[in-house]
Amino acid sequence: MLLLGIFTAFKRLAFGLMFGRQSYKNYNQELTEIMEQILLIGNVANLAKKVQMNLVKKSILENSNHSSLDWGAKYSSLISSRELSIDPKQSDEDDSDVELETEDLTATERANIIKLVGDWEEPKMATCSSSDVASLDDIIHFSQTLAYINNTYPFTTSFGNARTREACVHSAVKVFERLQIHTNSNGSIPFETISIAARDKRGNLDEEHVKRLIRAFRPDREGNLSLLDFVKSCDSVYKKLRLLQASIKNSSQIDNAAERIYNVVYYFLYIVFIQTMFLGLNTASEIIVGVFALITPLSFAISSACGKYVEGVMLVLYRNPFGIGDRIALSEVDVDTSATGSSTWFVENVDLFTTTVRYSITNEVATLANSALAPCRIINANRSPNAVVRVALRFGVDIPNSKIEEFTQSVEKFVKDKPREFLQLNGLFACSIEVERGFVEYILSVQHLESWQNMASVWQSKVALTRFCHEESRRLDMRFTRPVLPVTVKVANNAIASSDLKDMAGRVAIPAMIELTTPLIIELVKNSAEIPHSQNNTAHSLNKL
C-alpha cells in the first residue's frame with residue numbers, strides 16, 4: 001500500500017503539472033490582457049475615491065471655519081448625506097477599505113442603463129470537484145491571479161461590488177459620478193480627469209499608461225467621455241472576465257475527465273506490476289495473455305468508434321480551438337469562407353465526447369461529436385483580431401480623382417469621429433473597371449474596434465457606414481445611374497404557333513423567336529388571347545408598347 005501511495009502521489013504531481021501547463025498556455029495571454037484592463041479601471045476608481053474624499057475633507061474644514069456650505073447645493077445630486085459620514089482623518093492608504101453608497105439613480109434608471117449597455121447572459125460555469133496543484137512559479141502565479149479575480153471586488157473595493165453584471169454597472173455609474181465632482185460637468189467628463197490616474201509616484205505622466213487608458217475607455221474626438229461610454233467600457237471588461245472564468249472552469253472539468261481515463265491505464269499497469277511481484281512472471285504473463293485474448297475480438301468490433309473517440313479527445317485536450325462563449329464557424333477545409341462573414345454558432349459547453357453549440361441567428365441548440373469537428377476548419381471569432389468591414393461602391397467612369405479623394409477624406413473623418421466603433425480606414429480600392437457598362441467598382445475597407453465575436457455591433461457600424469457613403473456620394477453627385485441602353489429585336493422567319501408558347505398566365509403567347517442584343521428583359525402584357533403570326537404585326541404591336 002505504501003508503494004501504491006508513492007506511485008499515486010507522483011502520478012498526481014505529473015498530471016497536475018501537465019494540465020497546469022496546458023491551462024497556462026491556453027489562457028495566460030488572455031488573462032494578462034484582462035488583468036491590465038482591470039488594473040486600469042481600478043486606478044480610475046481609486047482616483048474617483050480620492051476626489052470624493054478630498055471634497056468631503058474640504059467641506060468639513062470649511063464647516064469648522066464657519067464658512068458657507070454652498071458646495072452642498074452644488075453637489076447634492078452627486079453625494080448623499082451618508083457619504084459625508086466618512087471619517088476625513090482616514091489615510092489615503094485606507095481609502096480602499098471604505099464602502100461608499102449612493103442612491104441617486106432609481107431602479108428604473110439603473111435598468112435603462114443596463115438596457116443601453118446591451119443584453120448579455122451570464123455564462124454557465126461547470127463545477128469542478130477537485131483542483132490541480134502545480135509547483136512551477138508561473139503556474140502558481142496564474143492560479144493566484146485567478147483566485148484574486150474570483151471575488152466580489154475584482155476591480156478593487158474603490159470600484160465597488162462587481163459580483164453580477166447589474167452590480168458592476170451600478171458601481172461604474174457611481175465611479176463616474178465621483179469623477180464628475182472634479183470637473184463640475186453634467187453628462188460627460190473630460191479625459192484629462194481620467195488621465196490623472198496615469199501619474200507615477202514622482203507625479204510625472206506616464207505616456208504608455210495614458211495610451212492604455214485611451215484604448216480602454218475610447219473618448220470621443222473632443223476628448224470627452226459620456227456616462228454610457230464609461231459604463232460600456234467597464235461592462236466589456238466584466239464580460240471578458242466572466243467568459244474567461246467559465247472557460248477555465250470548463251477546462252478543469254475536461255482535465256478531470258481526462259485524468260480518469262489515464263487512471264484506468266495507470267491502475268491496470270499497477271495491477272500487472274503487483275501480480276508480477278507476488279505471482280511470478282510466468283503466472284502474471286498467463287493472466288495478461290488471457291485478458292488480451294478476451295479484449296482482442298472486442299477491439300476489432302469497436303476499432304472505428306475508438307479511433308473517432310481518440311480523435312475527438314485530441315481535439316479538445318491539445319488543439320483547444322474554442323472555449324465557452326466563443327462564436328465559431330464550421331466549414332470544410334477546401335471551401336472558401338465568405339468575405340462578408342460566416343454563419344456562426346456560440347459554444348455552450350465542451351466535454352471529451354461532444355460540444356454543445358447554439359445557432360446565433362435562431363438560438364437553436366445542437367450537439368456535435370468532437371470527432372466530427374476534428375477535420376473541419378474552425379473559425380473562432382473571439383480569437384480573431386479586429387473585424388474588417390467591406391462596403392461595395394460603384395461610381396461612374398467619368399468621376400474625376402478630385403471627387404474620389406474628397407469622398408475618401410469625408411469617410412476618413414467619419415471613421416475618426418467614431419473612436420468607439422472604428423480603428424482606422426484601410427483605404428478605398430478599385431477592384432473592377434467596367435468601361436462598357438460605365439462604372440468603376442470600389443471596395444471601402446474599414447477596421448472595426450470589435451472582433452466578429454460582437455457581430456451585432458459590427459453590423460450596426462457597417463450599416464451606418466454604408467448609409468453615410470451613399471449620402472456622401474449623393475452630395476458629391478457621384479452616384480452611378482445605369483444608362484438606358486437601346487434594344488434590338490430580331491424576329492425569326494418561321495414563326496412558332498402561339499398555342500405552343502403560352503405563358504404561365506395562359507393569356508399571351510409570343511408568336512416568334514425574339515432575340516435581344518442587350519441583357520434587358522421585356523415583358524409583354526396584352527389582353528387579347530392571341531397575337532398575329534406575321535412579322536409586320538409583331539413589329540406593330542411592339543411599337544404600340
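Keep in mind the model is a prediction, meaning the values are calculated, not measured. Values below: every heavy atom of this structure, side chains too, minus hydrogens, waters and symmetry copies. Heads up: numbering here begins at 1 and tracks the sequence.
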- List the atom of L444, the atom of C469, and the distance in Å for their closest heavy-atom pair. CD2-SG, 3.4 Å
- Nearest-0.5 Å distance, CG of residue L243 to CD1 of residue I34: 8.5 Å
- Does E421 offer a backbone N or O that forms a donor-acceptor pair with the side chain of H448 under 3.5 Å? yes
- Start with the C-alpha distance between F439 and I433, add both sets of side-chain angles, then the distance that settles side chain to side chain contact (heavy atoms under 4.5 Å, CB included), and finish with yes or no. CA-CA 7 Å; F439 67 86; I433 301 177; over 6 Å; no
- Query: Taking the six-membered ring for Trp, are F468 and F414 ring centroids under 6.0 Å apart?
  - Reply: yes
- Task: Calculate, to the nearest 0.5 Å, the distance between atoms CZ and CG belonging to F176 and L227 respectively.
- Result: 5.0 Å
- side chain to side chain donor-acceptor pair (under 3.5 Å) between N349 and T356, intermediate numbers included: CA-CA 5 Å; N349 189 30; T356 303; 5.0 Å; no
- Message: Quick check: do V175 and L47 have side-chain heavy atoms less than 4.5 Å from each other?
- Response: no
- Message: Check whether S251 reaches the backbone of I248 with its side chain - one donor and one acceptor, N or O, closer than 3.5 Å.
- Response: no
- For N28 and K25, indicate whether the former's side chain and the latter's backbone hold a donor-acceptor pair under 3.5 Å. no
- Message: Between F395 and Y442, is the ring centroid distance below 6.0 Å?
- Response: yes
- Taking every heavy atom of C234 against every heavy atom of F159, the minimum-distance pair comes out as SG-CE1, 4.0 Å
- Does any N or O in the side chain of Y238 come within less than 3.5 Å of the main-chain N or O of C168, such that one atom is a donor and the other an acceptor? no
- If only atom types and distance count, is the side chain of N386 paired as donor or acceptor with the main-chain N or O of L449 below 3.5 Å? yes
- Task: Find the distance between CD (Q460) and CE (M455) and round it off to the nearest 0.5 Å.
- Result: 12.5 Å
- Query: Can you find a side-chain donor-acceptor pair between N454 and S451 that sits under 3.5 Å?
  - Reply: no
- Query: Would W345 and R358 count as a side chain to side chain contact (heavy atoms under 4.5 Å, CB included) if you check the C-alpha gap in whole Å, the side-chain angles of each, and the deciding distance to 0.1 Å?
  - Reply: CA-CA 5 Å; W345 300 75; R358 173 169 54 88; 5.7 Å; no
- State whether E472 and R475 are salt-bridged, where the test is any N-O pair (Lys NZ or Arg NE/NH1/NH2 against Asp/Glu carboxylate O) under 4.0 Å. yes
- Message: Checking E412 against K416 for the salt bridge (charged side-chain N to carboxylate O under 4.0 Å, His left out) test, could you report, in this order, the C-alpha distance in whole Å, the side-chain angles of both residues, the deciding distance, and whether it holds?
- Response: CA-CA 6 Å; E412 186 174 8; K416 289 183 177 181; 3.6 Å; yes
- Query: Nearest 0.5 Å, what's the NZ-NZ distance between K232 and K239?
  - Reply: 9.0 Å
- Query: Among side-chain atoms of S188 and N224, is any donor-acceptor pair under 3.5 angstrom?
  - Reply: no
- Query: How many angstroms lie between atom CD1 of I196 and atom CG of L205, to the nearest 0.5 angstrom?
  - Reply: 9.5 Å
- May I ask you to check whether F230 and F217 place their ring centres under 6.0 Å from each other? yes
- Considering non-hydrogen atoms only, spot the tightest contact between F155 and I38 and give its length. CE2-CG1, 3.8 Å
- Indicate the atoms forming the closest heavy-atom contact of S360 with R327, along with that distance. CB-NH1, 3.5 Å
- Query: Between T193 (side chain) and I189 (backbone), is there a donor-acceptor pair under 3.5 Å?
  - Reply: no
- Item | Under 3.5 Å donor-acceptor, K462 side chain and V391 backbone | no
- Donor on one side chain, acceptor on other, S457 and E450, under 3.5 Å: no
- Query: Taking C-beta and beyond as the side chain, do T344 and I328 meet within less than 4.5 Å on heavy atoms?
  - Reply: no
- Message: Does either side chain, that of N46 or that of S158, offer a donor lying less than 3.5 Å from an acceptor on the other one?
- Response: yes
- Item | Neighbour count above 12 (heavy atom, 6.0 Å) for E192 CD | no
- Query: So, does S247 use its side chain to make a donor-acceptor pair with the main chain of I324 at under 3.5 Å?
  - Reply: yes
- Test: D235 and R165 ion pair at under 4.0 Å: yes
- Do you know which two heavy atoms are closest between L40 and R212, and how far apart they sit? CD1-O, 3.5 Å
- Query: Has N401 got more than 12 heavy atoms of other residues, nucleotides or ligands less than 6.0 Å from its CG?
  - Reply: no
- Message: With a 4.0 Å cut-off on N to O distance, would you call D206 and R199 a salt bridge?
- Response: no
- Task: Give a yes or no on this: more than 12 heavy atoms of other residues, nucleotides or ligands lie within 6.0 Å of atom NZ of K403.
- Result: yes
- Query: Can you list the steps and then say if S432 with V440 is a side chain to side chain contact (heavy atoms under 4.5 Å, CB included)?
  - Reply: CA-CA 6 Å; S432 178; V440 179; over 6 Å; no
- Query: Any side-chain heavy-atom pair from Y359 and F346 closer than 4.5 angstrom?
  - Reply: no
- Query: Mind checking whether R215 and K211 have side chains closer than 4.5 Å, heavy atoms only?
  - Reply: yes
- Note on the structure: What one should report as the nearest heavy-atom pair of V446 and Q424 is CG1-O, 3.4 Å
- Ignoring hydrogens and geometry, is there a side-chain-to-backbone donor-acceptor pair from D220 to E222 under 3.5 Å? yes
- Query: Does the side chain of V388 reach to within under 4.5 Å of the side chain of N426, using non-hydrogen atoms?
  - Reply: yes
- Item | Spacing of I404 atom CD1 and L393 atom CG [to the nearest 0.5 Å] | 9.0 Å
- Please tell me if the side chains of I399 and L476 come closer than 4.5 Å, counting only heavy atoms from C-beta onward. no
- Message: I'd like to check the side chain to side chain contact (heavy atoms under 4.5 Å, CB included) partners of T355; sequence neighbours left out, ordered by chain and number.
- Response: F322, V347, V350, V357, N370, L373
- For R218 and D229, run side chain to side chain contact (heavy atoms under 4.5 Å, CB included): C-alpha distance rounded to whole Å, both residues' side-chain angles, the deciding distance at 0.1 Å, then the answer. CA-CA 8 Å; R218 293 287 175 180; D229 292 339; over 6 Å; no
- Message: Is any side-chain heavy atom of V389 closer than 4.5 Å to one of S445?
- Response: no
- Give a yes or no on whether a salt bridge exists between E177 and K174, defined as a side-chain N under 4.0 angstrom from a carboxylate O. yes
- Message: Any side-chain to backbone donor/acceptor pair from S236 onto S233? Under 3.5 Å, distance only.
- Response: no
